[in-house]
Amino acid sequence: GVQSLPLFGEDVLVSKRFDLIALVAVLLISSCGGTTAPPPETLVGTWSATSVELVSVANPAVRVDLVADLNATVTLVLAADNDFTLTVTYEGEEPGGPWGTNSEETGTWSSTDILTLQTSPTSEWQFEIELNGDALTLTEADTSFDFGGDGTLEDAKLSLNLTRAP
């Protein structure tokens, strides 16, 4: 245990505890504001995916990484005029539909606290954004994916890790 002189030692321990509690409170208060999204102009450019992970909503243990598991090359272009192009290319595949074969999604993008990629008036992905230098992480967009390869789309969460292309 802790040994202290009567009263004086207790006062020191109480003071140190108070300092520690005050420090923790300041750190918690400063982190409560959440992270702010990067300015939209910092997102403009061509981004190459290092991972594109889809996670089943029904069973989070079921997941696939288009880059690591399926050898896909994924590129996201965010243009200054707010157009975007997301291209998914698999080795040896001909162009086709979303996710399962080569595909290209186009639309408009906007960024406030989230990054929204809108492919039509009724279809969009909304991502949480983290930009660290030339590394961009987009997480938790709602989408669907054929995890079983049987043509049945299942609800999924989509996350991308990207690096700015030179």
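Because only heavy atoms are used, hydrogens play no part in the values below, and waters and symmetry mates are left out as well, while side chains stay in.
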E124, CD: over 12 other non-hydrogen atoms inside 6.0 angstrom: yes
So, T163 versus W47: side-chain donor-acceptor pair below 3.5 Å or not? no
Return yes if some donor-acceptor pair links the side-chain N/O of T42 with the main-chain N/O of P39 below 3.5 Å, else return no. yes
Check: D146 side chain, G149 main-chain N or O, donor-acceptor pair, under 3.5 Å: yes
In Å and rounded to the nearest 0.5 Å, what is the OG to CG distance from S159 to L138? 8.5 Å
Under the criterion side-chain contact (heavy atoms from CB on, under 4.5 Å), I'd like the reasoning laid out for Q118 against F84: C-alpha separation, chi angles, the key distance, then a yes or no. CA-CA 9 Å; Q118 187 165 4; F84 84 88; 5.6 Å; no
Can you measure from OG1 (T89) to CG (L66) and round to the nearest 0.5 angstrom? 11.0 Å
Backbone N/O of S123 and side chain of T119: donor-acceptor pair under 3.5 Å: yes
The single option from T85, L117, L160 passing side-chain contact (heavy atoms from CB on, under 4.5 Å) against L76: L117
Are there more than 12 heavy atoms of other residues, nucleotides or ligands under 6.0 Å from atom CG of D81? yes
Look only at the side chain of D83 and the backbone of A79, and say whether a donor-acceptor pair between them is shorter than 3.5 Å. no
Kindly work out whether a path of hydrophobic side-chain contacts (I/L/V/M/F/W/Y, heavy atoms less than 4.5 Å apart) joins V67 to V55. no
Give the intermediate values and the outcome of side-chain contact (heavy atoms from CB on, under 4.5 Å) for residues L153 and F147. CA-CA 7 Å; L153 294 177; F147 289 99; over 6 Å; no
Test your reading of the model: is there a side-chain donor-acceptor pair from D155 to the backbone of V57, 3.5 Å cut-off? no
Parallel under 30°, tilted from 30 to 60°, perpendicular over 60°: which one fits the rings of F127 and W125? tilted
Is V77 reachable from V52 through a run of I, L, V, M, F, W or Y residues, each pair having side-chain heavy atoms under 4.5 Å apart? no
Ignoring hydrogens and geometry, is there a side-chain-to-backbone donor-acceptor pair from R164 to V44 under 3.5 Å? yes
Distance in Å, I129 CD1 paired with D113 CG, rounded so as to fall on 0.5 Å steps: 8.0 Å
Donor-acceptor pair, side chain of T75 and main chain of S48, under 3.5 angstrom: no
Would you say L70 and V74 are hydrophobically clustered, going by side-chain heavy atoms of ILVMFWY under 4.5 Å? yes
Joint cluster assignment, I114 & L158, ILVMFWY side-chain distance < 4.5 Å: no
What is the minimum heavy-atom distance between G148 and E154, and which atoms define it? N-OE2, 4.3 Å
Would you indicate whether the side-chain heavy atoms of K157 and D142 approach each other to under 4.5 Å? yes
Assess, by modelled atom type and distance only, whether the side chains of N161 and S51 contain a donor and an acceptor separated by less than 3.5 Å. yes
Below 4.5 Å, heavy atoms only, C-beta onward: do L54 and T143 meet side chain to side chain? yes
State the CG-OG1 distance between L115 and T139, to the nearest 0.5 angstrom. 10.5 Å
Distance col, row S103:OG vs L86:CG, nearest 0.5 angstrom, shows 7.0 Å
Flag the pair W109 / L43 as yes when at least one side-chain heavy-atom distance between them is below 4.5 Å, and no otherwise. yes
How many angstroms lie between atom CG of D69 and atom CD of E53, to the nearest 0.5 angstrom? 8.5 Å
